[in-house]
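Shown next, in structure tokens, is the structure this report addresses.
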Amino acid sequence: MNHDEQATWQRHCPVPVPLDGERITLAHGEGGRVMRKFIRESIVSSLGDEVLHSMGDATHLPQIDGRLAFTTDSFVVSPLFFPGGNIGSLSVYGTVNDLAVSGARPLYLALSLILEEGLPLAIVDRVLESVAQAAVATSARIVTGDTKVVPRGMADGLFINTTGVGQLIGPVPPGPSSLCEGDELIVTGPIGQHGIAVMCAREELSLEPPPQSDSGSLVRVAVLLREQLGTRLRTMRDATRGGVTAVLHEWAEASQHTLTISQADIPISPSVRGACELLGLDPLHVANEGTLVAAVEQGFADLALRALHSCPESVGAARIGRVEQRGFAPVTIRRTLGPDQPLDDPTGAPLPRIC
Amino acid sequence: MCLGIPGRIVRWIEREDPLARAEVEFDGVRRVCHMACVTEAQEGDYVIVHAGVAISRVDPEEAKRIFEDLAALGGDDGWKRGQS
Amino acid sequence: MKYLDEYRDPIAARKLLAEIRRCATRPWTLMEVCGGQTHGLLRHGIDVELEDTVELIHGPGCPVCVTPSEAIDFAQQLAMTDDVILTSFGDMLRVPGSGRSLLDVRASGGRVRTVYSPLDAVDLAKRHPQEEVVFFAVGFETTAPATALAVKQAARDGVDNFSLLVAHVRVQPAMEAIVQLPDNRVQAFLAAGHVCTVMGYESYEPFVDTHKLPVVVTGFEPLDLLDGILAAVRQLESGEARVENQYGRSARREGNIAAQDIVHEVYECSDREWRGFGVIPRGGLRLRDEWGRFDARQRFPAGIALPIVESTLCRSADVLAGRIKPTECSAFGTSCTPESPLGAPMVSSEGACAAYMSYRPRRQPQTT
């Protein structure tokens, strides 16, 4: 890791970090007094859940009835703080959203921190504060965790892993292989916001006002869709890396149908629109962190949209397309002229371009 | 190549400088762009920006030409053939 | 967005399509010069709409694709050099040189950063006075004012840790090279609207007189492209050959004089190797001697050039010259893909082969 990248958390951190303030040292992860004090005073007290105070090797949880959903995700984001969120809130929402879209009510989270030696404690505190707030907002409890410190240069400030357990509440959406001809496709808000926000912050693109990430909880949105639609809801997925395009391609593959969308119906905020035109990016390929794609049975999109529009997290929801018999391409898009065009599945993360 | 996007000049910064700059708006975002090639442009004008540099001032009269030509083409708007 | 959305209007586009079909009494062969135009044509399906009316062959207009492997290898070598930060546009990062791409080099510890503007690279150099910041300057004449301004800014502000690795290419010499090919099929050119915005189109007048081929300065949005095609078809149908400007809202006959002055102050024309094409006389730009201190080639010793082995399967020269469509190459989509490209037009997303991979995949057999 070079100096240039090492400094990303310094450039973007909104917290005034005193240069002489306390920093993470290898001792914070070495199991002795310093580590115990750090875990007790910084981590446990920030997260505030009483089961953490025992600091045991494993947390004992009460019996849960029925089937469980279980998921894990690791979070690496540069910069650690971006407009609309930070790695802390992102690590909670990301895992909770994975549980929610799979049909579960999020219950418990495990939180692992990998800290780079030299990271100011003020940053750790700020990130943990966001973790705690996001956990409260999603009603998920952080019940266990771990902390490791790696030597300077071995990590970009801070990595987080979260693992989540949720209780499946029936009926569980049957999944993308159940998609049928005529099913309607919905997104729950304007797309591309997270990826653009992080890219603008990381590459220092100096756009004003800085585009904001949509990083947030999808728990209420997912519950609402399931309550309103029941078995009419085929499947839903949060459109993270690879954006809406990646979800559509996965579903097309799983269902062996063609998913077709219309450019004119895709909700995009003015700042994402402007940034994408300027940087030569397609917002369909850009990551979201608080927006999901849902497929519903034909004729039920209006019901779904009415419900979604009543919820603050999904007021921007829109129908974007439908499922058709497998045609010449797995995913197609209708642009200006009319004939559907294949929607490409790009390789790798989008990069700003001038060509 | 050459992605060039029209943006509206919001305000000049250092207009008299040989390396003049201005704040330019692209839908929901603004960015400071280099204006050395379009020093004649006024606030409110649109410029085509490529790689952070304005390379022309959009001529509003010329911008209408295509639509005037289309109007002169008359009735057949191609709808039927486009749909069939 | 004003000056974008109205040029994507579907009703107007259909009207233009109908008019093109009405005017064309026989299939004409047009070449769009710029990769941005190729993408627009395929992205909006204009080539399919006009399948039996106009054949659109795709020109060499992707400067990233035609950047020689040797320059990319040198950029990679710089990125691996201590205290050097190599910067470029995002387009350049995935393009392989003789072996790896700059993204690969970054993965193995090289310092590579994307910037939106070359002037941002000067700012980066100011913030990192202990490091050398090199900007890999690719692009047509459109981009040259931006990189020339970067050098001027660095000179004025005394930023002496900034330099350019120049790989700029010029469009018109490539058009000359294409029409002089013995099997040239191009009957009219859609000239690149943003190149003409900077350079003007006066210089196409002798070109048209010599070769008797219409040249229509064309923009990038669907209506612009259709309008350019219509103008070219009308000229061909009436047996005319002149320079016509359908992108008047941005391009003027004399071009942007201020931009040209900045370019001429910093650069001069030079012969240049185009990847997949060979050396094109006066086909590129290089820094004038008085700006030599900003030339990365002078500042850093050249490494050992790696032998460049271009694939024998790849028919990129035929694609770049418009002799074949990308799908006619046996390697297309099989041994040559955007993930592991064999030739220039597959390497950048703006290249003709990459555009066909995105928008014209070989049709999958219908499963019934």
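Chain naming here is simple, since letters A, B, ... match the order of the sequence lines and numbering starts at 1 in each.
- Residues E277(A) and R8(C) are paired through a salt bridge, judged by an N-O separation under 4.0 Å between the basic side chain and the carboxylate.
- The structure places CZ of R43(C) at 5.0 Å from CG of D282(A), a figure rounded to the nearest 0.5 Å.
- The two residues S358(C) and P342(A) make their nearest non-hydrogen contact at O-CB, 3.9 Å.
- With chain A as the partner, the residue from L226(C), L4(C), L93(C) showing the most heavy-atom pairs under 4.5 Å is L4(C).
- Within the model, atoms CZ of R273(A) and CE of M1(C) stand 6.0 Å from one another, a figure rounded to the nearest 0.5 Å.
- Rounded to the nearest 0.5 Å, atoms OG1 (T332(A)) and OH (Y359(C)) are 13.5 Å apart.
- Closest approach of L337(A) and E49(C) over heavy atoms only: CD1-CG, 4.3 Å.
- Within 6.0 Å of the CD atom in E208(A), the count of heavy atoms belonging to other residues, nucleotides or ligands exceeds 12.
- Rounding to the nearest 0.5 Å gives a distance of 11.5 Å between CD of E203(A) and OG1 of T87(C).
- Once rounded to the nearest 0.5 Å, the distance linking CZ of F89(C) with CD1 of I354(A) reads 3.5 Å.
- Within the model, atoms CG of D123(C) and CD of E204(A) stand 9.5 Å from one another, a figure rounded to the nearest 0.5 Å.
- Salt-bridge check for D344(A) with R360(C): failed, with every basic side-chain N at 4.0 Å or more from each acidic carboxylate O.
- Environment of CD in E181(A): crowded, with over 12 heavy atoms of neighbouring residues, nucleotides or ligands closer than 6.0 Å.
- Within 6.0 Å of CD in E339(C) there are more than 12 heavy atoms belonging to other residues, nucleotides or ligands.
- Contact of I333(A) with chain C is not made at all, since no heavy-atom distance falls under 4.5 Å.
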Between D91(C) and L351(A), does the side chain to side chain contact (heavy atoms under 4.5 Å, CB included) criterion hold? Intermediate values first, please. CA-CA 7 Å; D91(C) 318 51; L351(A) 295 170; over 6 Å; no
